[in-house]
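Take a look at the structure below.
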Amino acid sequence: MDARKGNIYEILNGNKQFLIPVYQRFYSWDVDQCKRLWNDIATMQKKGKSGHFVGSIVNIAEQAMPTGVQKYMIIDGQQRMTTLTLLLLALRDYVLDHPEDTSVNAHRIDGMLLKNEYESGDERYKILLTETDREILIRLVERKPIHPDTRSRLLDNYRFFAGKIADKELTLTEIWNSIGKLQIVNITLDREVDDAQAIFESLNSTGKELSESDLIRNYVLMGLEPSEQSFVYEHLWRPMEQLFVYETQSTVMDAFFRHYLTMKTARIPKQGRVYEEFKRYHLNCEFSTIRELCQDLFKFAKYYTDIVFKRSHDIDLKRRYEDIVDLRMEVSYPFLMKVHNDCKEGVITDAELKEILNLCISYVLRRGICDIPTNSLNKTFATFKNAVRPDDYMNSVKAFFILQDTYKEFPDDDKFAAAFVSRDIYNMRARNYILSRLENYQNKAPIVVENYTIEHIMPQNKNLSAEWQKDLGSNWREVQKKYVNTIGNLTLTAYNSEMSDRPFMEKMNMTGGFKESALRLNKYVICFSEWNEEHIQERAKKLAEKAEKIWPYPELTDAELAPYQSEAKPTQKYSLETYDTNAFTRMLFESLDKRIMNLSPAVKKEYKKLYVAYKLDTNFVDIVFQKQRLRISINMKFSDVNDPDGICRDITGLGLWGNGDVEVFMEHQDELDKVMGIVEQSYNAQAD
């Protein structure tokens, strides 16, 4: 390894070329980062500083040639090196366009820092970027026209620097001198001695410099032989990247890798640990080569991006994708990718794929209407594939849904309908989606809900007019409070501001009012001359009946469900009366029990033979009754607990009743808050 301090002039000068390998990300610095660089330059110049450190460049020297261009492969520092090149380009172009100012030599910049003047072809350029970036930078260097619709950070940043130079905050000489004062450490690795991958990971160990998907791409491609690297990149990796929308590519690709690993391993990688999990998966995966792994990634990225970006020539499938995106069902993506692949391989039909998507949509929507906490959904979908039987695919999927209980349940029609008519739909995130689907169900000419706004038939205004008070009756305040935001009182209109708080019959007969509306949601409304509690309830009931069809409950006969039901085993029923308690320990237990159950509606309490268990997916705390105190078992590693009061004991390997490696005692009521501080840590570890 050879490390030298210098500046961009020294680094670029000479018959050299710096190459960006195919596994590197595209140029990604935005204008804000260029503003910071410019401000550093301006501040350095105005304060008379002798220099300013801007970072390092790490490269590997290619085999030296007796003649021609010495090439260096950049493994870190592409962004700052390219940005400085854009600044030099803007400076050169300003001088060429203003020949009267001779303080800076444009030809010197061109021949010494941008081009290898006597070379031809690609070797003519000091920096050779990847793919689309390459062509744009070459056109900037050669001053060739670029299509005005071209979108590129290279162009954005070049224009920023050009504007700053034209503003004349600094003279051309000051800019030239200041660029030379920017200090860079240029590190050149020895290919035979230095481990480029290890050095790369060390440089990016915080995960902030590169995204998870950037790190994964470098890991996958860096170690391949040049010919295999080019093939995998050009035929698999680059086509996969192009499936993602450019503006959000990094973020959405990061999410894809997390969902892909969840699908493959049935475990959900923690945010910020996806790269590490990917490396672990690669070492133990079913693929013998990187090419095979990338083929699999490409395949599943196609399923994933079809859903995320709602792409399909099949109108019915596209609508289901729209529903999934509208409901923000990201937690379901690992399972949905598997289902799409099973359909592609002929395990299920297109019709069965659509039915499964419908059931997943119904599951999420019904749970939302019934206000069941969502914190278990990611784990439910992560492990769903384990319940699928290839030889009885559809029935196994339906049985899985039907047999979910407590906080994982799929609400049946009775629970769903009861919640649907009483739920505050207006303040739900999915309100527009719900009204849109109710309106467009079996509608051959569906409306675009974005062209409408939500209308409260009975107004929200607490100061209702005399006409409305008369319609609603003497208890109008209670009626308004109970029903104003429920589905029976909500509709769509293009005349929301005109309707405002008008009396019902004015809303009915005005221009654009309910009577003129072609919306299906208003068919029931126009049958009446007044609007009251009875009509709101009846309309809600009718909409709930439609909702049951739009978001159906899975159906299986008893015979079809039977193979998936565990045989009923006679079990001992335990209760609080089972335990040896007294008035004091009961009092301690009741106060602690109340606090634990209030953590979330998803918490499930079970009375076991020897202890009381509280669980989400599994036990997070267990309580054992003792003579004058409660022994509390916390299901965490002792090293993971934050115990500022020193109340925890390490019971690793002691084999005591309960789950986990942490023990806490509660002997007095005033210890409740401290104990709950430990219990909540265990709860949060499962809920995340």
Side-chain angles (χ1 to χ4, degrees), residues 245 305-330 332 336 340 343 349-366 368-369 413 416-417 420-421 423 425-457 485-499 507-508 511-527 538-553:
V245 173
T305 53
D306 281 350
I307 299 170
V308 171
F309 300 116
K310 299 172 281 191
R311 297 170 181 155
S312 180
H313 297 299
D314 185 320
I315 294 175
D316 290 336
L317 197 56
K318 188 173 187 294
R319 285 176 180 167
R320 285 165 176 81
Y321 294 160
E322 290 168 352
D323 286 3
I324 290 166
V325 172
D326 286 344
L327 286 174
R328 302 185 188 180
M329 289 172 52
E330 291 87 352
S332 68
L336 297 186
H340 276 75
C343 181
T349 65
D350 289 346
E352 288 171 329
L353 168 64
K354 294 173 186 177
E355 185 177 359
I356 292 171
L357 296 184
N358 275 350
L359 289 174
C360 292
I361 292 164
S362 296
Y363 181 55
V364 172
L365 188 280
R366 285 186 176 225
I369 292 294
D413 285 347
F416 177 55
F420 194 74
V421 300
R423 183 80 154 90
I425 299 291
Y426 181 72
N427 287 305
M428 286 186 69
R429 186 181 66 194
R431 65 184 188 182
N432 283 26
Y433 163 74
I434 292 168
L435 288 167
S436 173
R437 294 291 280 113
L438 287 169
E439 173 63 31
N440 289 326
Y441 178 61
Q442 294 184 339
N443 189 349
K444 293 183 178 179
I447 69 160
V448 178
V449 73
E450 287 76 14
N451 295 334
Y452 296 83
T453 54
I454 295 178
E455 167 68 14
H456 289 79
I457 304 171
N485 290 326
T486 63
I487 194 65
N489 190 53
L490 301 178
T491 188
L492 295 170
T493 180
Y495 295 86
N496 184 272
S497 59
E498 290 85 352
M499 286 188 172
K507 290 187 177 186
M508 178 73 72
T511 301
F514 296 137
K515 193 168 284 186
E516 291 185 2
S517 173
L519 297 180
R520 295 180 172 196
L521 282 171
N522 293 326
K523 281 188 176 181
Y524 179 84
V525 179
I526 63 177
C527 297
E538 182 60 28
R539 180 170 179 264
K541 181 181 177 182
K542 290 181 178 296
L543 291 175
E545 290 170 355
K546 181 183 282 189
E548 289 174 12
K549 298 174 183 176
I550 297 171
W551 299 287
Y553 185 77

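For the atom pair CG (Asn522) and CE (Met508), the distance works out to 8.5 Å, reported to the nearest 0.5 Å. Note that CD1 of Ile307 is 9.0 Å distant from CE of Met329, once rounded to the nearest 0.5 Å. If you take CZ on Arg431 and CD1 on Ile425, they are separated by 11.0 Å, rounding to the nearest 0.5 Å. The CD atom of Glu322 sits 10.0 Å away from atom CD1 of Ile315, with the distance rounded to the nearest 0.5 Å. From Thr453, atom OG1 reaches atom CG of Asn432 across 9.0 Å, with rounding to the nearest 0.5 Å. With rounding to the nearest 0.5 Å, the separation of CG in Leu357 from CG in Leu336 is 6.0 Å.
In this structure, Arg539 contributes its side chain and Leu521 its backbone to a donor-acceptor pair below 3.5 Å. In terms of modelled atom types and a separation under 3.5 Å, the side chain of Arg320 and the main chain of Leu353 share no donor-acceptor contact. Between the side chain of Asp350 and the backbone N or O of Cys343, no donor-acceptor pair lies under 3.5 Å. With hydrogens and angles disregarded, no donor-acceptor distance shorter than 3.5 Å links the side chain of Glu455 to the backbone of Thr491.
Within a 6.0 Å radius of NZ in Lys546, more than 12 heavy atoms belonging to other residues, nucleotides or ligands are found. Atom CZ of Arg311 has more than 12 neighbouring heavy atoms from other residues, nucleotides or ligands inside a 6.0 Å radius.
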*Hey, mind stepping through Gln442 and Lys549 against side-chain contact (heavy atoms from CB on, under 4.5 Å) and telling me if it holds?*
CA-CA 11 Å; Gln442 294 184 339; Lys549 298 174 183 176; over 6 Å; no
*May I have the step-by-step check of side-chain contact (heavy atoms from CB on, under 4.5 Å) for Leu365 and Ile434, ending in yes or no?*
CA-CA 9 Å; Leu365 188 280; Ile434 292 168; 4.1 Å; yes
*side-chain contact (heavy atoms from CB on, under 4.5 Å) between Tyr441 and Arg520: does it pass, once the steps are laid out?*
CA-CA 10 Å; Tyr441 178 61; Arg520 295 180 172 196; 5.7 Å; no
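For the pair Met428 and Ile369, the minimum side-chain heavy-atom distance is below 4.5 Å. Between Arg423 and Ile487, the closest side-chain pair of non-hydrogen atoms is not below 4.5 Å. No side-chain heavy atom of Ile454 sits less than 4.5 Å from a side-chain heavy atom of Asn496.
Nearest heavy-atom pair, Ala494 versus Tyr452, reported as atom, atom and distance to 0.1 Å: N-CD2, 3.7 Å. Between Met499 and Gly513, the shortest heavy-atom contact is CE-CA, 3.7 Å. Phe514 and Ile526 get closest at one heavy-atom pair: O-CG2, 3.2 Å. Here the shortest heavy-atom pairing between Ile447 and Glu439 reads CD1-CG, 3.6 Å.
Under a 4.0 Å N-O distance rule, the pair Arg437/Asp326 does not qualify as a salt bridge.
Using the six-membered ring where Trp is involved, His456 and Tyr426 have ring planes that are perpendicular, over 60° apart on the 30 and 60° scheme. The aromatic rings of Trp551 and Phe416 sit perpendicular, their planes meeting at an angle over 60°, well past the 30° parallel limit.
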